[in-house]
Amino acid sequence: MNMKIIVNGAGGHMGREVVRLIQTGHRDATLAAAVDPVGGEGFYTSLFAYEGNADCIIDFSHHTSAGVLTEYATRRGIPLVIATTGHTESEKRYINQPARYIPVFYSGNTSRGIAVLRGLVRQAVEMFPGADIEIIERHHNRKIDVPSATALMLADSVKSVRHNAVPLVGRHNDGVRSRNEIGIHSLRMGNTVGIHEVIISTAYETLTLRHEAHDRALYAEGALTAAEFIIGKKPGLYNMSDIFG
């Protein structure tokens with residue numbers, strides 16, 4: 001299936017990776033339009049400036065563009081993959097609304113390995129109901145959102161089993177660990193692509209589940225997989241669990 005893709009945020013690190021994969025013929029995709037407000041050769045500076053055909057939009061722009069992005073996709077009836085992170089609660093409402101009219105794929109991480117990790121975390125938490133749980137995430141020193149969307153997804157996996165669990169971002173003062181907390185710690189250094197660890201510890205043993213991304217192309221490839229998945233789907237909100245279970 002040939003997919004005509006609009007890449008929103010095409011001038012950023014991840015947007016460039018998606019464009020590069022498309023231009024190398026990855027997943028039989030073609031570039032319908034590259035959009036970035038900064039502009040550049042061959043770029044549209046606004047989504048609404050492009051009126052041509054497209055099968056899907058892949059968004060790697062900035063969370064503040066959620067309103068414009070979803071308005072454009074809804075008006076034109078184009079399926080939407082949102083791989084941008086850091087959305088506020090009000091911005092997430094922009095994402096939920098168009099799912100009544102078009103298929104919308106939304107995930108804080110498009111890695112197949114993270115999808116597997118989330119399943120392993122749920123299984124492990126079930127096996128260790130009284131264990132202490134800590135999440136450590138490492139990223140490059142330019143990353144803005146803290147904690148990462150992936151760390152929050154992993155915390156949600158814990159909460160799906162341990163319903164009273166409460167995420168605690170960082171440890172402050174002389175605070176003693178509470179029984180229900182999920183500690184989340186964010187490290188920002190160098191050019192680290194992304195490392196996530198979930199540590200599950202009892203008085204007798206410790207289990208560490210770890211995922212490391214080696215190349216940002218991982219997330220671009222995942223976004224194209226998501227695009228291929230939602231094209232032709234009914235309106236609704238989809239995520240990585242819908243692809244991999």
Side-chain angles (χ1 to χ4, degrees), residues 1-10 12 14-15 18 22 27 29 31-37 44 46-112 114-116 118-119 122 145 147-157 159-160 167 219-245:
M1 174 181 70
N2 180 262
M3 304 184 292
K4 294 181 180 179
I5 304 294
I6 299 172
V7 180
N8 190 42
M14 287 310 311
V18 177
I22 291 173
R27 291 192 176 273
L31 184 64
V35 181
D36 196 279
Y44 292 86
S46 165
L47 279 167
F48 284 96
Y50 178 72
E51 299 177 348
N53 295 327
D55 297 308
C56 188
I57 303 166
I58 292 179
D59 175 59
F60 270 113
S61 59
H62 192 270
H63 62 87
T64 55
S65 68
V68 172
L69 170 69
T70 53
E71 180 185 356
Y72 177 81
T74 304
R75 281 192 189 182
R76 301 214 51 208
I78 302 175
L80 176 60
V81 173
I82 302 177
T84 302
T85 61
H87 294 96
T88 64
E89 289 305 313
S90 62
E91 289 163 351
K92 287 178 182 178
R93 286 194 286 273
Y94 285 122
I95 296 169
N96 291 325
Q97 290 168 359
R100 292 178 290 177
Y101 310 104
I102 59 173
V104 177
F105 185 97
Y106 177 51
S107 178
N109 190 302
T110 55
S111 159
R112 186 187 306 246
I114 290 295
V116 173
R118 294 190 70 190
R122 287 190 290 267
D145 49 324
S148 70
T150 306
L152 295 174
M153 290 168 63
L154 293 170
D156 284 341
S157 297
K159 291 169 64 178
S160 70
Y219 307 120
E221 197 279 336
L224 286 168
T225 299
E228 189 175 59
F229 170 78
I230 66 163
I231 292 173
K233 289 288 189 296
K234 295 179 180 179
L237 192 61
Y238 300 88
N239 58 39
M240 292 296 285
S241 297
D242 295 302
I243 301 179
F244 299 114

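Note that this is a predicted model, so its numbers are computed, not measured. For reference, positions follow the sequence shown, starting with 1.
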In Å and rounded to the nearest 0.5 Å, what is the CD1 to CD distance from I243 to E228? 9.0 Å
Are L80 and F105 close enough, and set up right, to give a side-chain contact (heavy atoms from CB on, under 4.5 Å), and what steps lead you there? CA-CA 6 Å; L80 176 60; F105 185 97; over 6 Å; no
Residues which pass side chain to side chain donor-acceptor pair (under 3.5 Å) with S107, listed by chain and number, not counting sequence neighbours: none
For residues V7 and G15, report the shortest heavy-atom separation together with the two atoms involved. CG1-O, 3.9 Å
State, to 0.1 Å, how close A227 and M3 come at their nearest heavy-atom pair, and which atoms those are. C-SD, 4.0 Å
Per the salt bridge (charged side-chain N to carboxylate O under 4.0 Å, His left out) rule, what does the pair list look like for residues 91-107, sequence neighbours excluded? E89-K92
For D156, give me all partners under salt bridge (charged side-chain N to carboxylate O under 4.0 Å, His left out), at least two apart in sequence or on another chain. none
Non-neighbouring partners of S65 that pass side-chain contact (heavy atoms from CB on, under 4.5 Å), sequence neighbours left out: N8, D59, S61
Shortest non-hydrogen pair, D145 vs G86, comes out as OD2-N, 3.9 Å
Nearest heavy-atom approach of V81 to C56 is CG2-SG, 3.8 Å
Between P103 and Y238 the two heavy atoms that sit nearest each other are CB-CE1, 3.9 Å
Start with the C-alpha gap between S148 and T150, add the side-chain angles, then the distance that decides, and say whether side-chain hydrogen bond (donor to acceptor under 3.5 Å, both in side chains) holds. CA-CA 5 Å; S148 70; T150 306; 4.6 Å; no
Stepwise, does the side-chain contact (heavy atoms from CB on, under 4.5 Å) test hold for R122 with S160? CA-CA 7 Å; R122 287 190 290 267; S160 70; 3.3 Å; yes
Flag the pair I230 / I102 as yes when at least one side-chain heavy-atom distance between them is below 4.5 Å, and no otherwise. no
Residues that T110 engages under side chain to side chain donor-acceptor pair (under 3.5 Å), provided they are two or more places apart: none
Using side-chain contact (heavy atoms from CB on, under 4.5 Å), reason through R118 and L154 one step at a time and then give a plain yes or no. CA-CA 6 Å; R118 294 190 70 190; L154 293 170; 3.9 Å; yes
Keeping to residues at least two apart or across chains, list the ring pair (Phe, Tyr, Trp, His ring centres under 6.0 Å) pairs with something in residues 57-84. F48-Y72
Side-chain contact test, heavy atoms from C-beta onward, threshold under 4.5 Å: evaluate it for I6 versus I78 and give yes or no. yes
Distance col, row N109:CG vs T85:OG1, nearest 0.5 angstrom, shows 9.5 Å
Could you tell me whether a side-chain N or O of R76 sits under 3.5 Å from a main-chain N or O of G52, the two making a donor and an acceptor? yes
Which residue pairs pass the salt bridge (charged side-chain N to carboxylate O under 4.0 Å, His left out) test when at least one of the two sits in residues 65-74, sequence neighbours left out? E71-R75
Listed by chain and number, what are the ring pair (Phe, Tyr, Trp, His ring centres under 6.0 Å) partners of H87, not counting sequence neighbours? Y106
Of all residues at least two apart in sequence or in a different chain, which pass the side-chain contact (heavy atoms from CB on, under 4.5 Å) check with L152? P147, I184
Between P98 and T70, is there a side-chain heavy-atom distance shorter than 4.5 Å? yes
Could you pull out all residues at least two apart from Y94 that satisfy ring pair (Phe, Tyr, Trp, His ring centres under 6.0 Å)? none
When you look at CG of N53, are more than 12 heavy atoms from neighbouring residues, nucleotides or ligands closer to it than 6.0 Å? no
Smallest heavy-atom separation, A149 atom then G108 atom, equals CB-CA, 3.8 Å
Would you please name every residue forming a side-chain contact (heavy atoms from CB on, under 4.5 Å) with Y101, sequence neighbours left out? T74
Calculate, to the nearest 0.5 Å, the distance between atoms CD1 and CD1 belonging to I5 and I57 respectively. 9.5 Å
Counterpart residues, side-chain contact (heavy atoms from CB on, under 4.5 Å), relative to A34 (two or more places apart): A10, L31, F43
For side-chain contact (heavy atoms from CB on, under 4.5 Å), just list the numbers for L69 and L47, CA-CA rounded to whole Å, side-chain angles, deciding distance to a tenth of an Å, and then say yes or no. CA-CA 8 Å; L69 170 69; L47 279 167; 3.9 Å; yes
